[in-house]
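Structure first, then comments.
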Amino acid sequence: KKEEREKALELYYKLKKDFSKTEFLEKAEEGLSRINMRLMLSPELTKDSFIYKVEAGDSLAAIAKKFNTTVEFLMEANRLAASLLKPGQRLKIWKGNLRIRVSKAQNKLYLENNGRLIKVYKIATGKDNTTPEGRFTIVNKLKDPAWYAVGAIVPAGSRENILGSRWLGLSEKGYGLHGTNNLVDIGGYVTNGCIRLVETDLQEIYTLVPVGTTVEINRK
């Protein structure tokens, strides 16, 4: 209520640590996820971000590559309506090292920064234990991907396209993160091995993580 978001965030982390095996855990995860997203995807400066001063010749793509982030993040966090930059312009940059951890037993995806939890997402994984386990990386990111089904190419936007609006491909060929409009699937073991998320969650992750991000998938 006092809008002391970072202080509230630390209290949620303490709640999660102290009551990790109780009904408070999910509430703590929801609270810290909500505040972290509000802090990350806004111009508000935090201890995990800094200001970069645009230099002549800079582009959003070059800045994103330099600081291991994404153009989408830079635009959203800095409320940019266009990609054109001016020398001297100030941009918020997120510092750290984002990674994704997936629990197949819980059907949850954990977004972490330098080992600290940022947000928890509910997901669907593979039926018959088809989601691969191990450490992978995101090797490509696509907006409005076509789905290459057996014997057909299903274009983006089609109701038959199961990938949704985004695709984040893993280094394990043929597997990746994609969306779904069927909310009943979330929490279940229903895919052919990919990790399926609610569309809004998928788009948020797409905005935050760059190509090269580590994805660790565990059975537990």
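Since the model is a prediction, treat every value here as computed from it, not as a measurement.
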**Study point:** Passing option when Leu208 is tested against Lys119, Glu72, Met37 for side-chain contact (heavy atoms from CB on, under 4.5 Å)
**Key:** Met37

Practice item. Give a yes or no answer on whether the side chain of Asn161 reaches the backbone of Pro145 with a donor-acceptor pair at less than 3.5 Å. Key: yes

Practice item. Give a yes or no on whether the backbone of Asn97 and the side-chain of Asn114 come within a donor-acceptor separation of less than 3.5 Å. Key: yes

Practice item. Answer yes if Trp94 and Ile63 sit in the same cluster of Ile, Leu, Val, Met, Phe, Trp and Tyr residues linked by side chain heavy atoms under 4.5 Å apart, and no otherwise. Key: yes

Review point. In terms of hydrophobic clusters joined by side-chain contacts under 4.5 Å, are Val71 and Leu85 together?
Key: yes

Review point. Under 30°, 30 to 60°, or over 60°: which ring-plane class applies to Phe67 and Tyr52, parallel, tilted or perpendicular?
Key: perpendicular

Practice item. Begin with the C-alpha distance, continue with both residues' side-chain angles, and end with the deciding distance and a verdict on side-chain contact (heavy atoms from CB on, under 4.5 Å) for Gln106 and Lys220. Key: CA-CA 7 Å; Gln106 300 293 324; Lys220 295 183 178 179; over 6 Å; no

Exercise for review: Answer yes or no: is there a donor N or O on one side and an acceptor on the other, between the side chain of Asn78 and the main chain of Leu91, under 3.5 Å?
Suggested key: no

Check your understanding: Can you find a pair of side-chain heavy atoms, one from Thr180 and one from Val198, that are under 4.5 Å apart?
Key -> no

Practice item. Could you tell me which non-hydrogen atom of Ser42 sits nearest to which non-hydrogen atom of Lys92, and how far apart they are? Key: O-NZ, 2.7 Å

Exercise for review: Take atom CD1 of Ile153 as the centre, draw a 6.0 Å sphere, and report whether it contains more than 12 heavy atoms from other residues, nucleotides or ligands.
Suggested key: no

Check your understanding: Are any side-chain N or O atoms of Ser49 and backbone N or O atoms of Leu45, one a donor and one an acceptor, separated by less than 3.5 Å?
Key -> no

Practice item. Could you tell me whether the side chain of Leu109 reaches within less than 4.5 Å of the side chain of Val215, counting heavy atoms only? Key: no

Revision key, fill the gap. Correct closest heavy-atom pair for Lys27 and Tyr12 would be O-CE2, 4.0 Å

Revision key, fill the gap. In terms of heavy-atom contacts, Gly193 and Pro132 come closest through O-CD, 3.8 Å

Exercise for review: Please examine the side chains of Phe19 and Leu25, heavy atoms only from C-beta on, and report whether any two atoms are closer than 4.5 Å.
Suggested key: no

Check your understanding: Hey, does Glu204 have a side-chain heavy atom less than 4.5 Å from the side chain of Tyr121?
Key -> yes

Point to revise | Heavy-atom check, side chain of Phe73 versus side chain of Val209, under 4.5 Å | key: no

Check your understanding: So, the side chain of Asp144 versus the backbone of Ala156: is there a donor-acceptor pair under 3.5 Å, distance only?
Key -> no

**Study point:** Side-chain heavy-atom pair Ser103, Asn218 within 4.5 angstrom cut-off
**Key:** no

Review point. Are Lys86 and Glu55 within salt-bridge range, i.e. N to O under 4.0 Å?
Key: no

Exercise for review: Please indicate whether Arg135 has more than 12 foreign heavy atoms, meaning atoms of other residues, nucleotides or ligands, lying under 6.0 Å from its CZ.
Suggested key: no

**Study point:** Minimum-distance pair of heavy atoms, taken over all atoms of Val139 and Val211
**Key:** O-CG1, 3.7 Å

Point to revise | Presence of salt bridge, Asp48 and Lys95, under 4.0 angstrom | key: no

Review point. If you count the non-hydrogen atoms of other residues, nucleotides and ligands that lie under 6.0 Å from CZ in Arg90, is the total more than 12?
Key: no

Exercise for review: Please test Leu60 against Leu80 for side-chain contact (heavy atoms from CB on, under 4.5 Å), starting from the C-alpha separation and ending with a verdict.
Suggested key: CA-CA 11 Å; Leu60 282 178; Leu80 300 179; 4.0 Å; yes

Review point. Cation over ring, Lys141 on Tyr206, under 6.0 Å and within 45°?
Key: yes

Practice item. Ignoring hydrogens and angles, tell me if any N or O in the side chain of His178 forms a donor-acceptor pair with the backbone of Arg166 under 3.5 Å. Key: no

Check your understanding: Quick one: does NZ or CZ of Arg99 land under 6.0 Å from the six-membered ring centre of Tyr110, within 45 degrees of the ring axis?
Key -> no

Point to revise | Steps toward salt bridge (Lys or Arg N to Asp or Glu O under 4.0 Å) verdict (Glu30, Lys16) | key: CA-CA 10 Å; Glu30 289 173 357; Lys16 184 179 185 304; over 6 Å; no

Practice item. Side-chain contact test, heavy atoms from C-beta onward, threshold under 4.5 Å: evaluate it for Arg196 versus Thr191 and give yes or no. Key: yes

Exercise for review: Measure from the side-chain N and O atoms of Tyr13 to the backbone N and O of Arg116, and report whether any donor-acceptor pair falls under 3.5 Å.
Suggested key: no

**Study point:** Considering all heavy atoms, the nearest Gly176-Cys194 contact
**Key:** O-CB, 3.3 Å

Exercise for review: Please check if any side-chain donor atom of Trp167 sits under 3.5 Å from a side-chain acceptor atom of Asn140, or the reverse.
Suggested key: yes

Exercise for review: Scan side-chain atoms only and decide if Gln203 and Ser165 contain a donor-acceptor pair under the 3.5 Å cut-off.
Suggested key: yes

Study note, to complete from the structure: The side-chain contact (heavy atoms from CB on, under 4.5 Å) partner of Ile100 among Ile138, Ile217, Thr137, Leu170 is Ile138

Check your understanding: Are Met75 and Ile93 co-members of a hydrophobic cluster defined by side-chain heavy atoms under 4.5 Å apart?
Key -> yes

**Study point:** Whether over 12 other heavy atoms sit under 6.0 Å from Phe50 CZ
**Key:** yes

Check your understanding: Taking Tyr189 for the side chain and Lys104 for the main chain, is one N or O donor matched with an acceptor at less than 3.5 Å?
Key -> yes

Exercise for review: Go through Glu6 and Leu39 one step at a time and tell me if the side-chain contact (heavy atoms from CB on, under 4.5 Å) criterion holds.
Suggested key: CA-CA 8 Å; Glu6 290 204 75; Leu39 289 171; 4.1 Å; yes

Review point. Of the non-hydrogen atoms in Asn107 and Gly187, which two are nearest, and what is the gap between them?
Key: ND2-O, 3.0 Å

Review point. Are Glu216 and Arg101 ion-paired here, with the side-chain N under 4.0 Å from a carboxylate O?
Key: no

Check your understanding: Is any NZ, NE, NH1 or NH2 atom of the basic residue among Arg5 and Glu44 found under 4.0 Å from an Asp or Glu carboxylate oxygen of the other?
Key -> yes

Check your understanding: Listed by chain and number, what are the side chain to side chain contact (heavy atoms under 4.5 Å, CB included) partners of Glu4, not counting sequence neighbours?
Key -> Lys2, Lys7

Check your understanding: When clusters are formed by joining ILVMFWY residues with side-chain heavy atoms under 4.5 Å apart, either directly or through shared neighbours, do Ile162 and Val190 land in the same one?
Key -> no

Point to revise | For Lys173, all residues meeting side chain to side chain contact (heavy atoms under 4.5 Å, CB included), sequence neighbours excluded | key: none

Practice item. Apply side-chain contact (heavy atoms from CB on, under 4.5 Å) to the pair Asn129 and Arg219, showing each step before the final yes or no. Key: CA-CA 9 Å; Asn129 202 34; Arg219 183 168 300 196; 3.0 Å; yes

**Study point:** With sequence neighbours excluded, residues passing side chain to side chain contact (heavy atoms under 4.5 Å, CB included) with Leu84
**Key:** none

Check your understanding: Same cluster or not: are Leu74 and Val54 linked, directly or through other Ile, Leu, Val, Met, Phe, Trp or Tyr residues, by side-chain heavy atoms under 4.5 angstrom apart?
Key -> yes

